[in-house]
Amino acid sequence: MEGHQRNLYLYDRFNARVVGVSRNDVNTLKFWSDELELTFPILSNPVGHIGMWFGSLPPGYPMFSRKTVIIDRQGVIRYMRNGTPDFHDILRTLKKLNAEEVKS
Amino acid sequence: MMRSLLLGMVVLLLGACAGPAPTTVDPLAALRRADGTVVWQEEYLFLTPPAPWSLVSIEEDDYSIAFAKECSDYFPCQSAMAYAEEPFGYSRDFYKRVPEFFKRFLWAGRVVFGEPQLEPATFDGRPALVARVEGKERVKQQKVSAKVVFARRGERVVGFYYTQWRPEHVAYDPLDEQAFDDFVASFKFVKPSFYEQL
């Protein structure tokens, strides 16, 4: 999350917004977000359907795994990656999507 | 027969102990140029700190390059220096980055830091900020002297870290800090960063 916070100015530059999703409750996330001084929204999804939609619940495993998803303006998933975010990859993708959007 | 077999085994074991002493391998030898500088990952150029400082193998992405030095006179007796492309925290303003950084720095060491002493500086011809601070680990009666140079690469903040751990009653070794200062003074960026080329 700190990496995303560090890159917020670049996300802005590429006309992108970042949102975190967690199964923790609102109070826990608020405390955590304040502690890390995050300025982007973290969504609380205790039921976990968002994680299920994006395939973050491996079969037979009780916990959601980390995943980065980039969705374009039309709602199309353009990028997905499991595990630790690859910020270079994310930024390259956002730059490309922004260029596509500017062109169209 | 059994006796000679036992004797043979003992000789083999002793032979294994008495082998040639392991030679010290310089892991950066292949990267070292005629003037003694090293080009690391085709990104950074620097003079490595002198022996017994040694390269630290990096398994996490907290540091881009790191060196450490240990001694056995007392415990703890170790120093470390590193360059980090992404130092803790996220603000691009040096003065805002300092508290963000020290909130996370050596967190697992349970160190209680004093107030960092800040001193404006320059790095690579651009403004930088040096933060010096001492931390105490009261339970183990250890102390750590830390110096962090916040510098700029493009529009982002990069950092050079230095720490020296000692028992609370033992004085710090100023030579280690000098080695760190020399490392920072020699450090150059070979090419624009990923973010500058983005």
Side-chain angles (χ1 to χ4, degrees), chain A residues 1-22 28-43 65-68 70 72-73 78-79 81-103, chain B residues 40-44 58-65 82-108 110-113 116 129 131 148 150-161 189-198:
Chain A
M1 289 297 167
E2 192 174 74
H4 288 302
Q5 184 70 35
R6 202 176 286 146
N7 288 335
L8 276 186
Y9 74 102
L10 291 170
Y11 297 167
D12 275 346
R13 209 170 277 175
F14 297 135
N15 204 17
R17 300 291 175 270
V18 61
V19 175
V21 181
S22 165
T28 304
L29 288 178
K30 187 171 179 350
F31 177 83
W32 182 70
S33 181
D34 288 348
E35 183 65 16
L36 284 177
E37 298 171 80
L38 303 180
T39 58
F40 58 88
I42 308 289
L43 307 181
S65 56
R66 207 169 172 188
K67 182 164 268 184
T68 305
I70 297 177
D72 71 12
R73 191 181 286 273
R78 303 292 294 268
Y79 175 93
R81 181 189 154 94
N82 291 324
T84 309
D86 180 334
F87 291 108
H88 286 198
D89 217 14
I90 291 168
L91 287 165
R92 273 192 291 260
T93 306
L94 292 179
K95 182 183 179 181
K96 185 173 152 240
L97 292 181
N98 187 51
E100 280 177 17
E101 219 174 81
V102 169
K103 209 184 281 179
Chain B
W40 180 254
Q41 295 172 341
E42 298 176 3
E43 290 257 354
Y44 322 112
I58 300 165
E59 291 165 0
E60 296 179 10
D61 56 3
D62 280 352
Y63 308 114
S64 302
I65 180 92
Y83 166 74
E85 190 80 3
E86 306 277 359
F88 301 122
Y90 31 78
S91 293
R92 284 180 288 150
D93 179 294
F94 289 142
Y95 289 89
K96 287 181 183 166
R97 190 68 169 254
V98 169
E100 293 167 2
F101 179 89
F102 282 106
K103 189 173 179 178
R104 296 155 175 85
F105 188 53
L106 297 184
W107 176 81
R110 295 178 299 174
V111 173
V112 178
F113 282 114
L129 183 68
V148 181
F150 295 92
R152 214 168 277 289
R153 187 178 189 196
E155 57 189 341
R156 290 170 85 91
V157 173
V158 296
F160 296 91
Y161 311 168
F189 300 117
V190 174
K191 64 178 186 185
S193 70
F194 165 80
Y195 299 99
E196 288 173 278
Q197 298 176 72
L198 193 63

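Proteins get letters first, then strands, A, B, ... in listed order; numbering begins at 1 in each. Every value quoted in this text rests on a predicted model; they were computed, and no experiment measured them.
- Contacts of B:Phe113 classified as ring pair (Phe, Tyr, Trp, His ring centres under 6.0 Å), with partners at least two apart in sequence or in another chain: B:Phe102.
- Nearest heavy atom pair, residue B:Phe160 against residue B:Ala151, reads CE1-CB, 4.4 Å.
- For A:Leu36, the parts lying under 4.5 angstrom from a heavy atom of chain B are both the backbone and the side chain.
- The two residues B:Tyr161 and B:Phe88 make their nearest non-hydrogen contact at OH-N, 3.8 Å.
- A pairwise comparison of heavy atoms in A:Leu29 and A:Leu43 identifies CD1-O, 3.7 Å as the closest pair.
- The heavy-atom pair separating B:Val98 from B:Pro116 by the smallest distance is CG1-CG, 4.1 Å.
- The number of heavy atoms from other shown groups lying within 6.0 Å of CZ (A:Phe40) is above 12.
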Pairs table: donor-acceptor atoms between chain B and chain A closer than 3.5 Å:
from     : atom 1 : to      : atom 2 : distance (Å)
B:Glu86  : OE1    : A:Arg6  : NH1    : 3.3
B:Pro87  : O      : A:Arg6  : NH2    : 3.2
B:Gly89  : N      : A:Glu2  : OE2    : 3.4
B:Gly89  : O      : A:Arg6  : NE     : 2.8
B:Gly89  : O      : A:Arg6  : NH2    : 3.0
B:Tyr90  : OH     : A:Leu36 : O      : 2.8
B:Tyr90  : OH     : A:Glu37 : O      : 3.1
B:Lys103 : NZ     : A:Glu35 : O      : 2.5
B:Lys103 : NZ     : A:Glu37 : OE2    : 3.4
B:Arg104 : NE     : A:Glu2  : OE2    : 2.2
B:Arg104 : NH2    : A:Glu2  : OE2    : 3.3
B:Glu155 : OE1    : A:Arg13 : NH2    : 3.1
B:Glu155 : OE2    : A:Arg13 : NH1    : 2.8
B:Glu155 : OE2    : A:Arg13 : NH2    : 3.3
B:Arg156 : NH1    : A:Asn7  : OD1    : 3.0
B:Arg156 : NH1    : A:Tyr9  : OH     : 3.1
B:Arg156 : NH2    : A:Asn7  : OD1    : 3.0

